[in-house]
K.L.:
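Quick one: structure below, then a few questions.
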Amino acid sequence: MTVGAFRTVDHHGPLRAVVVGAGAMGRAWLNTVDASPTVDLVGVVDLDPNAATAALSACGVPPVPVSTSLSALAEATLPDLVVDVTIPSAHYSVTREALDLGLAVLGEKPLAATLAEAIGLVVAAERAGRLFAVSQNRRHSPGLAALRRQVWTLGAVGTVSTEFFRAPRFGGFREEMEHPLLLDMAIHPFDAARYLVGGDPVTVWCEEFNPHWSWYRGDAAATAIFEMTGGVRYLYTGSWCAPGLETSWNGRWRVSGRHGAAVWDGEGEPVVEHAVPVAGAAEAAAESRARGWGSPSPTDIAGSLADFEHALRTGLPPSTVAADNLLSLAMVHGAIASAGTGTRVVIADLLAEAHRDAVDGADEDLRPALRDWRPPTPGGNGGGSGAGT
Ligand SMILES: NC(=O)c1ccc[n+]([C@@H]2O[C@H](COP(=O)([O-])OP(=O)(O)OC[C@H]3O[C@@H](n4cnc5c(N)ncnc54)[C@H](O)[C@@H]3O)[C@@H](O)[C@H]2O)c1
């Protein structure tokens with residue numbers, strides 16, 4: 001994946017962060033930024049200033065300036081970065097405003113509400129020369145990291161599968177959405193599957209449906225088969241209205257390779273079995289034991305923040321830089337398109353169509369850069385503006 005250069009932070013003090021969006025997840029971010037010894041919270045933005053003030057007080061975080069305007073707060077507080085924890089439909093406007101102000105952005109998933117908007121943000125970040133990455137907090141799960149180390153010992157991978165079956169009663173927007181499982185949840189396992197095998201999606205076939213007892217308005221269950229680069233097949237099957245024997249929130253995973261298989265219940269330590277002796281397997285197991293199967297690195301969104309900070313200090317892009325995360329989001333929208341049309345969707349075609357939509361819908365300011373941009377090619381050659389990729 002070609003990623004444009006971005007401006008690093010050259011002062012040596014803690015990074016200065018503004019959090020935008022003080023809802024449920026915004027509170028988790030306020031706590032995480034507050035706990036970081038190397039990042040200072042300098043302000044909070046929300047459409048509702050009372051929500052921002054209430055969140056600061058509920059989190060026990062020392063008061064900082066609060067505003068309904070990111071531009072005004074940025075002028076007053078001079079941040080290095082913005083954490084965008086607004087609702088998905090606001091991600092485009094908030095992140096675009098931050099990038100146009102010259103600020104780096106760490107956004108909550110999903111990158112944007114649509115693929116066309118996501119492409120617009122990737123191009124806006126490239127044009128501004130600023131880092132824009134997405135927090136895919138599952139990548140910082142110690143169990144997933146341990147499973148990934150085991151996968152390296154399996155030789156060529158044939159199949160990866162995830163089963164996700166739960167029965168939460170959220171109330172609110174998820175029960176009214178059209179594609180609650182695929183749009184709100186499946187980005188996590190889809191992105192994790194790419195992280196596990198280091199592959200990209202090539203095609204997808206998906207069926208989405210709503211069990212007749214479902215308490216969701218939209219389809220709360222789906223089954224998808226992805227062809228990934230290298231011929232790997234990724235199978236996802238899940239439901240959000242599946243009471244009984246529920247899986248963990250990470251789902252139940254199985255990876256089948258040339259030399260054996262690994263399974264993970266999404267919570268505990270993964271289990272691996274080799275059918276033949278494998279060079280490196282003992283070392284991987286020893287490393288996992290030495291780490292207590294977990295990882296000493298920060299977990300969950302603290303891991304996303306640490307990766308982002310490392311990138312801003314070194315200029316090395318994090319693994320969830322937006323230009324790459326586009327391919328995880330394309331898995332979600334490819335699955336929805338396949339279910340809607342009853343056809344197998346080619347991810348490169350989907351990205352090309354989204355690119356055309358992005359150019360058509362762009363403001364005059366961004367359109368020339370969008371026209372020059374090339375969608376990423378699954379497999380790692382691509383993305384970027386005129387980069388000859
Ligand atoms: N990674 C995870 O595990 C995880 C879990 C939950 C939510 N999320 C993501 O976090 C984001 C926020 O979710 P949430 O549950 O906190 O939502 P929420 O509805 O609880 O809070 C969103 C907040 O953003 C504010 N807001 C909306 N538009 C805004 C705008 N244009 N400018 C400033 N503020 C604005 C709202 O007033 C609200 O306070 C979503 O993208 C969601 O997908 C991620």
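Numbering of residues begins at 1 and proceeds along the displayed sequence. In each ligand, atom 1 is the first atom listed, and ligand 1 is the first ligand listed.
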K.L.:
Checking side-chain contact (heavy atoms from CB on, under 4.5 Å) against P79, which of L101, L15, L103, V19 comes through?
P.N.:
L103
K.L.:
Any sub-3.5 Å donor-acceptor pair from D265's side-chain atoms to E267's backbone N or O?
P.N.:
yes
K.L.:
Pick one of side chain, backbone, both or neither for how E97 approaches ligand 1, counting any non-hydrogen atom pair under 4.0 Å.
P.N.:
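Neither part.
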K.L.:
Can you pull out the closest protein heavy atom to atom 5 (C) of ligand 1? Residue, atom name and distance to 0.1 Å, please.
P.N.:
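Atom 5 (C) of ligand 1 sits closest to the protein heavy atom M25 SD, 3.5 Å.
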K.L.:
For atom 36 (C) of ligand 1, which candidate among D46, V94, L47 provides the closest heavy atom?
P.N.:
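Shortest heavy-atom distance from atom 36 (C) of ligand 1: D46.
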K.L.:
Is there a donor in the side chain of E108 and an acceptor in the side chain of W29, or the other way round, less than 3.5 Å apart?
P.N.:
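Side-chain D/A pair, E108 to W29: present.
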K.L.:
With sequence neighbours excluded, tell me which residues meet side-chain contact (heavy atoms from CB on, under 4.5 Å) with S214.
P.N.:
N210, P211, Y216, A220, C241
K.L.:
Could you walk me through whether F190 and Y236 pass ring-ring contact (aromatic ring centres under 6.0 Å, His included), step by step?
P.N.:
CA-CA 8 Å; F190 291 0; Y236 172 84; 5.2 Å; yes
K.L.:
Can an N or O of S93 be found at a distance shorter than 3.5 Å from an N or O of ligand 1?
P.N.:
no
K.L.:
For atom 44 (C) of ligand 1, grab the closest protein heavy atom and report residue, atom and distance to one decimal in Å.
P.N.:
E108 OE1, 3.2 Å
K.L.:
Is S135 in polar range of ligand 1, meaning some N or O pair under 3.5 Å apart?
P.N.:
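So ligand 1 has no N or O lying under 3.5 Å from an N or O of S135.
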K.L.:
Please could you name the atoms of ligand 1 that G23 approaches to less than 4.0 Å, counting only its heavy atoms?
P.N.:
16 (O), 20 (O), 21 (O), 23 (C), 39 (O)
K.L.:
I need the contact type for V20 against ligand 1. Using non-hydrogen atoms and a strict under-4.0 Å cut-off, is it side chain, backbone, both or neither?
P.N.:
side chain
K.L.:
Please name all residues satisfying side-chain contact (heavy atoms from CB on, under 4.5 Å) with D46, sequence neighbours left out, ordered by chain then number.
P.N.:
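Residues passing side-chain contact (heavy atoms from CB on, under 4.5 Å) with D46: A22, D48, A51, A52.
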K.L.:
For ligand 1, is any non-hydrogen atom under 4.0 Å from H188's backbone (N, CA, C, O), its side chain (CB onward), both, or neither?
P.N.:
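The answer is the side chain.
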K.L.:
Does ligand 1 come near enough to N137 that some N or O of the ligand is less than 3.5 Å from an N or O of the residue?
P.N.:
yes
K.L.:
Are V160 and V151 close enough that some pair of their side-chain heavy atoms sits under 4.5 Å apart?
P.N.:
no
K.L.:
How far is atom 19 (O) of ligand 1 from its nearest protein heavy atom, and which residue and atom name does that atom have?
P.N.:
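Here the closest protein heavy atom is I87 CG2, 3.6 Å.
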K.L.:
Check step by step if side chain to side chain contact (heavy atoms under 4.5 Å, CB included) holds for H259 and T153.
P.N.:
CA-CA 8 Å; H259 302 308; T153 72; over 6 Å; no
